[in-house]
Every structure is written in structure tokens, then in C-alpha cells.
Amino acid sequence: MGSPAMRNPPLVLLLLVVVFLVRVRAGKIATEVVVPEFVASYLLFIDTYGVFLQSGGGAFQAVVYNPAGQQDRYYLAVLHAPSKSCVWTANRAAPITDRAAPLRLTERGISVEDPNGTVVWSTPAFSSPVAALRLEDSGNLALLDGKNRTLWQSFDRPTDSLVSPQRLAVGGFLASAASDSDFSEGGYRLDVTAADAVLTWMGSLYWRLSNDASSTKDRVGAVAFMVINGTGLYLLAADDSVIIQAAMPLAELRIVKLGVDGKLQITSYASANASSPSSTEAGFVAPSGGCDLPLSCGALGLCTPKGNDSSCTCPPLFAGSHDGGCAPSGSSTAMSAASCDGDGAAAPASYVSLGDGVAYYANKFSRPDHAGSNESSCQALCSGNCSCLGYFYDDSSLSCYLVQHQLGSLVNANTTRGGMLGFIKVQSSPSQGSASSSSSNSTLIAILLPTIVAFILIVVVSSVIIVSWRKEKRRASRPTSRLRDVQLRRNRSPTSDSAHLVYGNDVNDGDDIVIPGLPTRFTHDEIEDITNSFRIKIGAGGFGAVYKGELPDGSAVAVKKIEGVGMQGKREFCTEIAVIGNIHHVNLVRLRGFCTEGQRRLLVYEYMNRGSLDRSLFRPSAGRLLEWKERMEAAIGAARGLAYLHFGCDQRIIHCDVKPENILLADGGQVKIADFGLAKLLTPEQSGLFTTMRGTRGYLAPEWLTNTAITDRTDVYSFGMVLLELVGGRKNRSEHVSDGGGGDDDSKSSTGSSSRGSRSVYFPLIALEGHEAGQYAELADPRLEGRMVAGEVERVVKVALCCLHEDPQQRPSMAVVAGMLEGTMELREPRVQSLRFLRLYGRGFSGPANGGDSGIIQALSGSIGDRTRSVTTTLTTMSGGASCMSSSQLSGPR
Ligand SMILES: *[C@@H]1O[C@H](CO)[C@@H](O)[C@H](O)[C@H]1NC(C)=O
Ligand SMILES: *[C@@H]1O[C@H](CO)[C@@H](O)[C@H](O)[C@H]1NC(C)=O
Ligand SMILES: *[C@@H]1O[C@H](CO)[C@@H](O)[C@H](O)[C@H]1NC(C)=O
Ligand SMILES: *[C@@H]1O[C@H](CO)[C@@H](O)[C@H](O)[C@H]1NC(C)=O
Ligand SMILES: *[C@@H]1O[C@H](CO)[C@@H](O)[C@H](O)[C@H]1NC(C)=O
Ligand SMILES: *[C@@H]1O[C@H](CO)[C@@H](O)[C@H](O)[C@H]1NC(C)=O
Ligand SMILES: *[C@@H]1O[C@H](CO)[C@@H](O)[C@H](O)[C@H]1NC(C)=O
Ligand SMILES: *[C@@H]1O[C@H](CO)[C@@H](O)[C@H](O)[C@H]1NC(C)=O
């Protein structure tokens, strides 16, 4: 239970901070505006993948964005919703590093905070208070004052994209992102100058709008803006007259984006809500030639144009290098900008020829550094300048070009005019020592990085050890904590009242809320009749007790009494109930009705007479063992139910707490998933935490630990664990379990597992080994005594292992899992290398730790339990102890 206080003080402190910061009305997408005080985080809006605001027409969304599921990088961003294209990022240089960290809208503006409370990004100070944040249909995100005047807008601060009809003033620029998952500034820029729009890389020009085949110059004049609109890309003078234009067919929406590869792409959409680009238009890409990008073949790669395509080779004296480009094949290495110490003093230089008939991408647009020279004076020019990395000499025009900053690709210019002689400066790097004598940054990093990593590892390991040592100590003082828990519970009502003052602004409005699709509403008196005054208690689920009852029509129901404090207002509650009540699927427990009266919240579910799967599987009553056929039915039914939650509803619902306790059985082979969608019934503070502490240990996907995004694949992992338990007929982490009845074994096992060297077996590892040995039948529950279908055991084990892949993206979707279990879809083979972590998890659980990583892993696995536990503690402390929710209580109606 949540009794042991402060097992992990730093974590508790951190969570306390988070709890205080997290205050929102509900994790629902707002339309067009949100007003202060508003808070969003990826976690609070996890069901919508961080989307918290959409434009009136729905074409654009404001989102706490987690690109490519990258851990530790969350951005405040604007997306074009149908194409999922990110058109603006607020904190590109300073991503939030935690999915629970808040973005706040206050009267002072927007601020984005890291978990430790540091503001990583904020809007500037304004003279008047902010009244609203509005996402316009154009995709512009604006802060407005009380008179609807714009105080600040995202259109004024473009990142790597423009959306029609956005303008970019002279002197402004777009900067590419570093990669598809890291939005910090990369090397490419689009600059608007007084004469042109140009693309540069490391200060070298590689494209001009005025040189592009698609552009026409209307008149001479100074450029004041670049604008993209329905009819094309324009450079305009201050009086809006056109100077240069690239006309395009009429389209409602155009998005200009400078890609991570340096390509400027304009995508056109026939309407703002169209998800695919307009088909009537080829689309604009600049530069258009295959060899025109600075790194089309990597550094010093030789690009040969072929029609509109290209191919890459290395110059004669060069060979492919590890970074995708080419490097001198001898013992010498190319100079880099970093090897120049900055005072300009040039060491005696040697050169390697790049061959004849080559061009350098940057020379197309740059003026020669020296004209009228001969080749030897061109070389002398380069040798005398430390920052010169090489030179190109054109003997037809006697022009000399120096290469600065960084080396890019070469172009084979034998077929065209403009071929030159090229040389790059090299330093010889014999095996001994001369490499280290160059004080290049990369060498420094190569030395420092392992040191830092090792240091961090030591700190982490020792703190984990300290924590688990404290836990051992804490065990003795448990009775005291329990007492404290009771006292906390007593303090309940005042806190819940104040919580209502804050959140339940419509708590007192009447019982006349009308929301279409609401299931039957009962009065509390009716509920008392139904349950015969709460006489038969059939379980204690995650939100409170569950009672058996009977509706007037004679059908049996399970009534769940929700006992969380700070329940949201009635209207929000009813809205969520309407959502849950409208989800109908044969494999999902049906909500029959509800009751909300005063502080009371009750949910009436259909009754499942055989209770939860864990009961039938682990504690069969009177020798009634769950037979193999029934296990297959349970697996397939549960998979279908989850697949429906993930893909079948209007709103995607991630369950977050898939485990046998939440899979209910009834006569006639009925299998239903319970407790879906309930996270939203809690107050926002709770829902944030609820999500973190949901998922019971043992079913928790690794991403809960690594702070990677929680997606539907997180449920898939938990389901894989359930599948293995169905096969083995025992808990995956079977340890010394003294059966205490009730739903308590989760908390028991998390306590037990942290005790070192417990007699434990890690079944997923055994299953992996069975798979590698091709021996599946041995994995099946011995109690079945061979009454199973060998082929099906193999299938279930393989599907389960696929579900456990460490990388969430390698796990199949729930729909595919269901198909594979049914045998209607081709069975995939598990990737053993993606399951290696099971070995580490497993080793930590078998036998006494004999040093090495097993100790670490054991401590680490122990800390999962700690995390869950301290969240519980925090919540208890926070809310005055009104709701003591531990992971073991977060389970379904029984
Ligand atoms: C907060 O954390 C960030 C990194 O996540 C760190 O750079 C910053 O210094 C921290 N600030 C404080 C006040 O600890
Ligand atoms: C601000 O604009 C919104 C909608 O655009 C409108 O409902 C509201 O009345 C306006 N407020 C003022 C003070 O003009
Ligand atoms: C786009 O801007 C140009 C230049 O201002 C203008 O001539 C053209 O009519 C605009 N097109 C649309 C669809 O607004
Ligand atoms: C897109 O919006 C237009 C109106 O702007 C509407 O007629 C059309 O049905 C919408 N299409 C989709 C796919 O939502
Ligand atoms: C580019 O080449 C492909 C074939 O390699 C061809 O299908 C396509 O039409 C070409 N595009 C242009 C614009 O020439
Ligand atoms: C090297 O050349 C660059 C560009 O040509 C120039 O800006 C720089 O001042 C030169 N450095 C020295 C030391 O001559
Ligand atoms: C190259 O030009 C320099 C002067 O710019 C001159 O001193 C030198 O002799 C010339 N070398 C050759 C090979 O012509
Ligand atoms: C260009 O042609 C010359 C002479 O045929 C040859 O030596 C050189 O290697 C060619 N250059 C490239 C880049 O293929």
C-alpha cells in the first residue's frame, strides 16, 4: 500500500514539484483559444499525443510535441494536423526533457519548464496582461490581450517553415532542424537579403531564388519581404510590388520547409484540411539538381549528375569514410576548420589532388577569391591562410577559389563546362601520437565523454544502492507508517472540499446536465436499492470498492464506488462518462450507468461472473483450472478489446494498465477488458500522476523507465507479459509469494522482489531461451498436463516475444497481435537481439547478485517499484491522504 513514506526522497521531491505545477482543467483538446491559467504537458495530453489546442477549422494543432518518439525531447510546436507536418517550434534549442514537465500559459505569457522548475523558454515581457492564446486557422499561434490585440505571434518567429500567407522580412531566415527528432538549428539556412532569397550551408551559398529556373524577375528594387501564398513564392518590395516571383498553380495552403538535408521544399494542399499534397502540382524543390546540395555525396564525395538523378563515387586518391563521405586513402587526413588554432598562423601545408574536371558545390555562386593568378599563387594563397581547407583553380579563367569553414561535396564537371583542378589541404597522421597533438575538439570529446559517462554511471549506481539500503532499513518501521496512513485518511474531507473550490466550478450546478450519449443516470437511493445497501463487496479496485448489484430488470451489475478526492466537476465527469459509455465492443466491459450526487461518484458496470483472469489463472478455485482453449480465448478476446481501444474509437485510448487483474471473464467464454478510460475521471493532478504510476510492475514497458513516449505500443508490451503468464500459468516474476488473497499480490511481489536473492524465476527469459532452443511445449503450464495444442503454444510464445521488443516501434500493433493470435495474419518471428534486455532483467532476478551488471539491474528493477511507490506516497501526502492509491489498488472491477 502507499504507507511507506519517503522511500526515495529525491524522487518524491521531484514529483512534489510536478504535482504542484500540473494544474489543468482536463486533458481535452480545446478549440481555437485557451485562456490563462492553463497548463499542458505531454503526459496530461497523452491520449492525444500531446495535442492540446486546435484551430477553428481543425487544420492546425498546438502540441507538446515528441518527435519520432525521441526520449527527452519535448517541444511546444504547431503541426499541420492532416499531414502531421511540424510548422513551428518554440523551444527548438531547449527541449523539455520530461514528459510531465509543464508548459504554462499565464497572464505574463507562455513559459516552458524543465522538471526542476527551470524555465527553458518563454515569451518576452508584455506591457498588458495576456488574455488568451489563440491558434488561428492560418496556423499562427498568437497571444492576445483583453482587446484582442496581438501581443506576440509565432508567424513573427519562424523556425524552419513558412505557412501561406506568412511573411519573412528582409534579414530574417529559416534554419533547418538538426535532424528529424532533434529540432535544434542544423547547418542550413534560407536568408532573405535585400536582393534575393538564398540557401547557405556553413556560410557558403548553394542556391539563389533569382537563379532558379522557376523564378522570374519582375523589376529591380530592394526586397523587403518574402511571402508564400496561394499563387506562389514572392519577394516583395516595401510597397508590396513584386520583385522576384516563382508562380505556382492556385492552392489553398502552401508550406515552405527547409529540410534537414538542406532542401527547400514547398508542399501545396488543395484545402487546409487535405492530408496529402495537391496532385495537380509537381511540388517545388530547391535546389532541383541532384548534385546541388552541399552534402549530396558527403564531404569530398564526387557527385555525378544523371538526368535528374545522381550517383556518388570518391575521387581517385580517396576512399569512402565512416561519415558517408570520402577521405584521402593514404595516412593523411583532411584539415578541418577545428584544426586551425585561430591566430591564422599557417603550418607548412601539403595537398592531395581531387583530380581534374571537378567543381565544388559552393563555387557556382561565389566570386573567385583571386582572379588572374596562376595555380602556384592560388596554392600559396591557401597555404598562407590557416582557415583555408583547400582550393580550386580554373585555368580557363585563371580564377582561384578557396574552401572555407567545412568541406562539402564535389561535382563531376567533365560533361559540363566549369571543371577545375581541385586540391585539399592535408596533415599527415602517422599512427603515433600526432593525432593527439592536434587539439581538435573531437579528440577532446573522445577522451572526455567516456570519463563523464563512467562518472554518471557511478553516481547513479551508488544512489540506487543507497536507496535500496534505506528500503531495507525502512522495513522495520513499517507499523509506524501504517499508523500515519490512517491519520492521513482522516484528514480527508477538508482537502476534498478545497479541491472542489478550485476545480469543481460546476459542482453545485444542478443535476440537469444534458450530454448526448450519456448512459443511464441513477440517484444514490437507486444505487442503494441496486446494491442492497452495498451488501456484497466483490473487490477493491483502483478507485475504491466494487459491489455486486442487480438492476430492476434482473441483470447483475458491478457497482464501482469512486473514492478519489478532488473529483473533477460534474460536467467534466459526465463528458468522460459519455465517452466511456459510448464505447461498445464485445471485448470491453460495458458501462451500464452512473451516479453523481454531491461528492459521490459511482459507476455501474455489467457483471462478469468469473471475475478477473488472475483469479482463474493463478488461484483456481476448487481445482477449476483454466484450460488451454479458454486461455486462447482470453488472449484473443483481450487482444481484440485492446485493438479496439487503440484503433476503433474516435479518441484513441491507451489503457496503461494492462494486466490479468483487468481482464474479466464470464460464463460462455466471455472475455472483456476493464478499467479503460478511467484515468480521465481523476482530477488533472491525479491523472498526470495516475499515468505515471499506473501499469503494475512486471507489466511495465522499459519506456516507463527511460522516459520515452508512452504510446499504444506500451500496452502491447504489457499484453505480451500477460500472454506469457497465460502460457506458463504463473506470474512472470514468480517469487516467494504467500498468497494473501485479494488483489494484493502486486504490492507483495514488488516488495519481495527487491529483497536480494529471493528465490525467483523470470519466466520471460525462460520463454526467450525456449524460443531459441525451439522448445515451446516445455514452457506450457505443467498443471495442464499436456492438454494443449503444441502449435498454439509456439504461436503464443512467439507473439508474446514480439510484443516485448525493447524498441516500441518494433512491437506489432494490437490489431496485428490479435490477427497473429487468431492465425489470420502471418506470424512474425521475434527479434532476439531486441530482447536482450530480458537477459539483464532476468539475471537480476535469479540467485544472489555476484557483482557485475546483475547487481545494477537488480537495483534498477527494484527502483521501478520505488518509483511507483513514491508516487503513491506523494499523492497521499499531497492530497491530505484522502486517496491512498497504490499500484495494487489500480485494478478493475472484480
Ligand atoms: C535544471 O535541469 C537542467 C537540465 O535538465 C540543467 O541544465 C539546469 O541547470 C537545472 N537547473 C537547476 C536550477 O537545477
Ligand atoms: C475577441 O475575439 C473573440 C473571437 O474572435 C470574440 O469572441 C471576443 O468577443 C473578442 N473580444 C473582444 C474584447 O473584442
Ligand atoms: C500572393 O501575393 C502576390 C504578391 O503580393 C499577389 O500578387 C497575389 O495575388 C497573392 N495571391 C493570393 C492568392 O493571395
Ligand atoms: C475540408 O474543409 C472543407 C471546408 O473548408 C470541407 O468542405 C471538407 O469536407 C473538409 N474535408 C475534410 C476531409 O475534412
Ligand atoms: C526524374 O527521373 C525519374 C526517373 O528517374 C522520372 O520518372 C521523373 O519524371 C524525372 N523527373 C523530372 C522532373 O524530370
Ligand atoms: C583567410 O581567408 C578568409 C577568406 O578568404 C579571410 O576572411 C581571412 O581573413 C583570411 N585569414 C588570413 C589569416 O588571412
Ligand atoms: C605565378 O604568379 C606569380 C605572381 O603572381 C609569379 O611570381 C610566378 O612566377 C608565377 N608562376 C608561374 C609558374 O608562372
Ligand atoms: C575528367 O576527364 C579527365 C580526362 O578524361 C579525367 O582525367 C578526369 O578524371 C575526369 N574527371 C572526373 C571527375 O571524372
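Both ligands and their constituent atoms are indexed starting at 1 by order of listing. For the numbers below, each heavy atom of this structure counts, side chains included, while hydrogens, waters and symmetry mates do not. This one's a predicted model, so the numbers in the text were calculated from it and none came from an experiment.
Between Tyr269 and His80, the distance from one ring center to the other falls under 6.0 angstrom.
Each ring-ring contact (aromatic ring centres under 6.0 Å, His included) pair with one or both residues in residues 122-141, not counting sequence neighbours, would appear here, but there are none.
Looking only at distances, no side-chain donor or acceptor of Ser55 sits under 3.5 Å from a matching main-chain atom of Glu32.
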Would you tabulate the polar-atom pairs, meaning N/O of ligand 3 against N/O of the protein, with distances under 3.5 Å, reported to 0.1 Å?
from     : atom 1 : to     : atom 2 : distance (Å)
ligand 3 : 2 (O)  : Asn229 : ND2    : 2.2
ligand 3 : 11 (N) : Asn229 : ND2    : 3.0
ligand 3 : 11 (N) : Thr231 : OG1    : 2.9

Can I get a per-line list of side-chain donor-acceptor pairs under 3.5 Å for residues 195-206, giving both atom names and the distance, sequence neighbours left out?
from   : atom 1 : to     : atom 2 : distance (Å)
Asp196 : OD1    : Ser210 : N      : 3.1
Asp196 : OD2    : Ser210 : OG     : 2.4
Tyr206 : OH     : Gly262 : O      : 2.6

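Partners of Ala815 according to the side-chain contact (heavy atoms from CB on, under 4.5 Å) rule, which considers only residues two or more places apart in sequence or in another chain, are Ala643, Phe647, Ser813.
The two residues Gly58 and Gln54 come nearest to each other via the heavy atoms CA-OE1, 4.4 Å.
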